[in-house]
Amino acid sequence: MKILWLLLFVFSVNLFAQSNRFLSLDVEKLRTTKRIKFYVQDKIILKIKNDPHKYKGTIMLLNDTVLILDSTKLIFYKDIRKVLVDRSNSLTRVASTFISGCGVGYIALDALNNAINNNKPILRILDVEIGVSLLAIGQAFRIFAIKHYKINKKHTLKFIDDTP
């Protein structure tokens, strides 16, 4: 029975083990260096040199020279111009959605109330300003949660393989 428990324990530990191959974004600050790690199956957003589009996807393969996103996009490390890191958590995502929904709901409910009470005009400027302001604040949570790291001397991108 002890052998069965030992095998079950070893198997469960192996399920949660991370790979030793990762893409490292090293951010140098005044006195310290912060390392952001991207493993296989992590989501990443990139901008490529000479291309205005953002490449967003899941990392499928990491190699010493290339990165494959969603099994279709082959991206060389030397071509990466900017890495966008999403620092949002569940609280900021829920707050953003809630506040944006409150802005739309405020305009809709006030217009419905004015239509029911036969008030003219149905959409007042003040109510539209309040609703649009709430919508803009909700979207600002999403915009400010994404940190842009331009690849240069202070922000370096490396492939690290620590397999024994």
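Only this structure's heavy atoms are used, side chains among them; waters, hydrogens and symmetry mates stay out.
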> Which atom pair, heavy atoms only, marks the closest approach of Y106 to G131?
Replying inline: CD2-N, 4.2 Å
> Out of curiosity, D42 CG to I44 CD1, how far, rounded to the nearest 0.5 Å?
Replying inline: 8.0 Å
>> Hydrophobic cluster membership, with links at side-chain heavy-atom distances under 4.5 Å among I/L/V/M/F/W/Y: are L67 and V40 in one?
In response: yes
What pairs of donor and acceptor atoms, side-chain ones from residues 70-81 against any protein atom, are under 3.5 angstrom apart with sequence neighbours left out?
| from | atom 1 | to | atom 2 | distance (Å) |
| --- | --- | --- | --- | --- |
| D70 | OD1 | T58 | N | 3.0 |
| Y77 | OH | N63 | O | 2.8 |
| Y77 | OH | V66 | O | 3.2 |

>> Looking at every heavy atom in both S88 and A145, which two are closest together, and how far apart are they?
In response: CB-CB, 3.7 Å
Side-chain donor-acceptor distances from residues 148-157 under 3.5 Å, at least two apart:
| from | atom 1 | to | atom 2 | distance (Å) |
| --- | --- | --- | --- | --- |
| N152 | OD1 | K154 | N | 3.0 |
| N152 | OD1 | H155 | N | 3.0 |
| H155 | ND1 | K150 | O | 3.0 |

>> Given S24, which partner from the list K37, K158, R35 fulfils the side-chain hydrogen bond (donor to acceptor under 3.5 Å, both in side chains) test?
In response: R35
> How close do L23 and L62 get, heavy atom to heavy atom, and via which atoms?
Replying inline: N-CD1, 3.7 Å
> About how many Å separate OG of S100 and CD1 of I137, when rounded to the nearest 0.5 Å?
Replying inline: 9.5 Å
> So how far is it from R142 CZ to T97 OG1, rounded to the nearest 0.5 Å?
Replying inline: 4.5 Å
> Does the side chain to side chain contact (heavy atoms under 4.5 Å, CB included) test come out yes or no for R21 and L61, once each step is laid out?
Replying inline: CA-CA 10 Å; R21 300 167 55 113; L61 179 74; 5.5 Å; no
> For the atom pair CG (L84) and CD1 (I146), what is the distance rounded to the nearest 0.5 Å?
Replying inline: 6.5 Å
>> Using a 3.5 Å distance criterion without hydrogens, assess whether the side chain of N89 forms a donor-acceptor pair with backbone atoms of T92.
In response: yes
> Are F38 and M60 joined in one hydrophobic group, where the rule is that I, L, V, M, F, W and Y side chains link up if heavy atoms are under 4.5 Å apart?
Replying inline: no
> For the hydrophobic clusters of this structure (ILVMFWY residues joined by side-chain heavy atoms under 4.5 Å, transitively), does one cluster hold both V132 and L123?
Replying inline: yes
>> Which heavy atom of N114 sits nearest to which heavy atom of I122, and what is that distance?
In response: ND2-O, 2.9 Å
> Do L69 and I36 share a hydrophobic cluster (ILVMFWY, side-chain heavy atoms under 4.5 Å, transitive)?
Replying inline: yes
>> Show the nearest heavy-atom pair for residues D64 and F159, with the distance to one decimal.
In response: CA-CD2, 3.5 Å
>> Which heavy atom of D51 sits nearest to which heavy atom of H53, and what is that distance?
In response: OD1-ND1, 3.0 Å
>> Would you compute the distance between atom CG of N117 and atom CG of L112 and round it to the nearest 0.5 angstrom?
In response: 9.5 Å
>> Could you measure the distance from the CD1 atom of I130 to the SG atom of C102? Nearest 0.5 Å is fine.
In response: 12.5 Å
>> Please identify which of these residues, L134, L109, L135, meets the side-chain contact (heavy atoms from CB on, under 4.5 Å) condition with V104.
In response: L135
